[in-house]
2 protein chains.
Amino acid sequence: MPKRVDHEERRAQIAEALIRVAGRRGLHAVGMRDVAAEAGVSLRLVQYYFETKEKLLFHGLQHLTDRFTARVGARLAATGPEPGPRATAEALLLASLPTDEEGRTFHLVYSSYAILSVTDEALASQPFVDHPDAAENALTGLLEQAREAGLTAPDIDARVEAISLLAMTATMGTSILVGQRDPESAVAVLHHHLDRIFTPGPTQAVATGRA
Amino acid sequence: MPKRVDHEERRAQIAEALIRVAGRRGLHAVGMRDVAAEAGVSLRLVQYYFETKEKLLFHGLQHLTDRFTARVGARLAATGPEPGPRATAEALLLASLPTDEEGRTFHLVYSSYAILSVTDEALASQPFVDHPDAAENALTGLLEQAREAGLTAPDIDARVEAISLLAMTATMGTSILVGQRDPESAVAVLHHHLDRIFTPGPTQAVATGRA
DNA sequence: CTCTTGATGGTACGACCGTACCATAAAAAT
DNA sequence: ATTTTTATGGTACGGTCGTACCATCAAGAG
């Protein structure tokens, strides 16, 4: 046989081609031939690594969420070591906003999958329950922790605020995509709410004995 | 010639068939044959009243927004005569939530159009700029008016709050569609923010000399 | 050195989809 | 009464799409 090839690597390569063409022409318009051409392989190869289009689409979603999680992590890491709760929350939210090309593709394709999953039961809508739930729980925990550290208004409802922030971010992302809103405006709205939630307070509570 | 027929009426009939099947099987999956069957007419008739599928889709969007506007108006009227700013805002927001079958279809199909318009330039994304802008301006005006009447916290930023409320409503609508959130939870979040914005205040400022 | 097996190419099939073409019945215009 | 126009039906064409089938080449296994 020819050189043994790493299946997962090939599948990742093809999945990324799928995401690229979906970001360019829309998820509804991607065919297996388009994916093959974008990945630089033959149609037969796409069939070989993903038997059916349904499985290809499913893996594409999985790959997309993985890449997005990595992106958020990178953004978080880029805010410097040991970021405070507010900086963490801000990085989390801003990473979801389509401000660059990668973010644009993420938001568009992920939204396409979400809408698609409402009517196509083949595409399990499980990811659209689990993934947002995880984000919501993470942000809720962050806000609770900040509140207990005295960094927020003392009477905030952490979960409600987490839901609200994530929800606003998602819709404003779509607004940016369709050209209704510019990114700066969206960021300003988010800052408004973060300012409302996080009080100026005792200016860094831990590890920095009052600068 | 046979009985003269009202073209606009027939077009409306077909457009509603389009919306129904799009709500059932997804906008990406609707073909002209499906629309024809759903409307109870022949494929040729759909071609006759809408030359091309592109024009059919465009008119479908137009019809959808019209019907949605009517729905919001009906909800508003149902809140009784002379509703206060808070009741008005609440009716506006709740009407957009997919709590009944009609709302579900509205939200799903409208979202599908929005996502579609990002990549298919044929579908003018103009409606996705104009229509949300109008809603945002209306709600902003409502909040400003309420603030000047002393019904809200005196320092609210009307536009930012309007944007936030509408954005939260939209995303939570999608969350309901995919089964991540139940309608009651979404309503609770909206109430939380309405409670934050609208102060109990002087309990009706006008026309009711202190109950 | 065979022989199996994994990786890949090419291509054809059946189904569907949007559109175009041709036909026809019936009301209105002449 | 004839002719034009309008509404409608049926159907066929060209393209595309997902999938299945068949072939081939090369690297390990025996």
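Only heavy atoms go into these numbers, but all of them, side chains included; no hydrogens, no water, no symmetry mates. In what follows, every chain begins at residue 1, and chains take the letters A, B, ... in the order their sequences are listed.
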### Query
To the nearest angstrom, how far is A:Leu56 atom CG from D:dT19 atom C1'?
14 Å
### Task
Measure from the side-chain heavy atoms of B:Tyr49 and tell me the nearest of D:dT8, C:dA7, D:dC22.
D:dT8
### Query
Mind checking what makes side-chain contact (heavy atoms from CB on, under 4.5 Å) contact with A:Asp155, not counting sequence neighbours?
A:Ala153
### Closest-nucleotide 5' rank along DNA chain C - winner of A:Asp6 and B:Thr52
A:Asp6
## Note on the structure
note: A:His7, atom NE2; C:dT8, atom C1'; distance rounded to Å ~ 11 Å
### Message
Measuring from the side chain of A:Val5 (C-beta onward, heavy atoms only), which nucleotide among C:dT8, D:dT19, C:dA20 has the closest atom?
### Response
C:dT8
### Task
Give the nucleotide from the list C:dT19, D:dG18, D:dT8 with an atom nearest to the side chain of B:Leu43.
C:dT19
#### Entry: Interatomic distance, B:Arg4 CZ vs D:dT4 P [rounded to whole Å]
18 Å
### Task
Apply side-chain hydrogen bond (donor to acceptor under 3.5 Å, both in side chains) to A:His193 and list each qualifying residue two or more places apart in sequence or on a separate chain.
A:Arg196, B:Ser164
### Under 4.0 angstrom between B:Tyr48 side-chain N/O and D:dT8 OP1 or OP2
no
#### Entry: Nucleotide C:dA25, atom P - distance to CZ of B:Arg44 in whole Å
16 Å
### Task
Using atom CD of A:Gln47 as one end and atom P of C:dT11 as the other, report the distance to the nearest whole Å.
15 Å
### Task
Keeping to residues at least two apart or across chains, list the salt bridge (Lys or Arg N to Asp or Glu O under 4.0 Å) pairs with something in residues 117-139 of chain A.
A:Glu136-A:Arg159, A:Glu136-B:Arg181
### DNA chain D contacts among residues 12-39 of chain B, heavy-atom distance under 4.0 Å
B:Arg33
### Task
Using a strict cut-off of less than 4.0 Å between a Lys/Arg side-chain nitrogen and an Asp/Glu carboxylate oxygen, indicate whether A:Arg11 and A:Asp6 qualify as a salt bridge.
no
### Message
Considering only residues two or more places apart or on different chains, which pairs with a residue in residues 38-50 of chain A satisfy salt bridge (Lys or Arg N to Asp or Glu O under 4.0 Å)?
### Response
A:Arg20-A:Glu38, A:Arg24-A:Glu38
### Query
B:Leu45 CG to D:dT6 C1': how many Å, rounded?
12 Å
Pair up each side-chain donor or acceptor in residues 76-89 of chain B with any protein partner under 3.5 Å, not counting sequence neighbours, and list the distances.
{"unit_1": "B:Thr79", "atom_1": "OG1", "unit_2": "B:Leu76", "atom_2": "O", "d": "2.6"}
{"unit_1": "B:Arg86", "atom_1": "NH1", "unit_2": "B:Asp195", "atom_2": "OD1", "d": "2.7"}
{"unit_1": "B:Arg86", "atom_1": "NH2", "unit_2": "B:Asp195", "atom_2": "OD1", "d": "3.1"}
{"unit_1": "B:Thr88", "atom_1": "OG1", "unit_2": "B:Gly84", "atom_2": "O", "d": "2.8"}

### Query
Could you state the CD-P distance from B:Glu51 to D:dA7, rounded to the nearest angstrom?
12 Å
## Note on the structure
Here the distance between atom P of C:dT19 and atom CZ of B:Phe50, to the nearest Å, is 13 Å
### Query
How about A:Phe58 and A:Phe50: are their ring centres within less than 6.0 Å of each other?
no
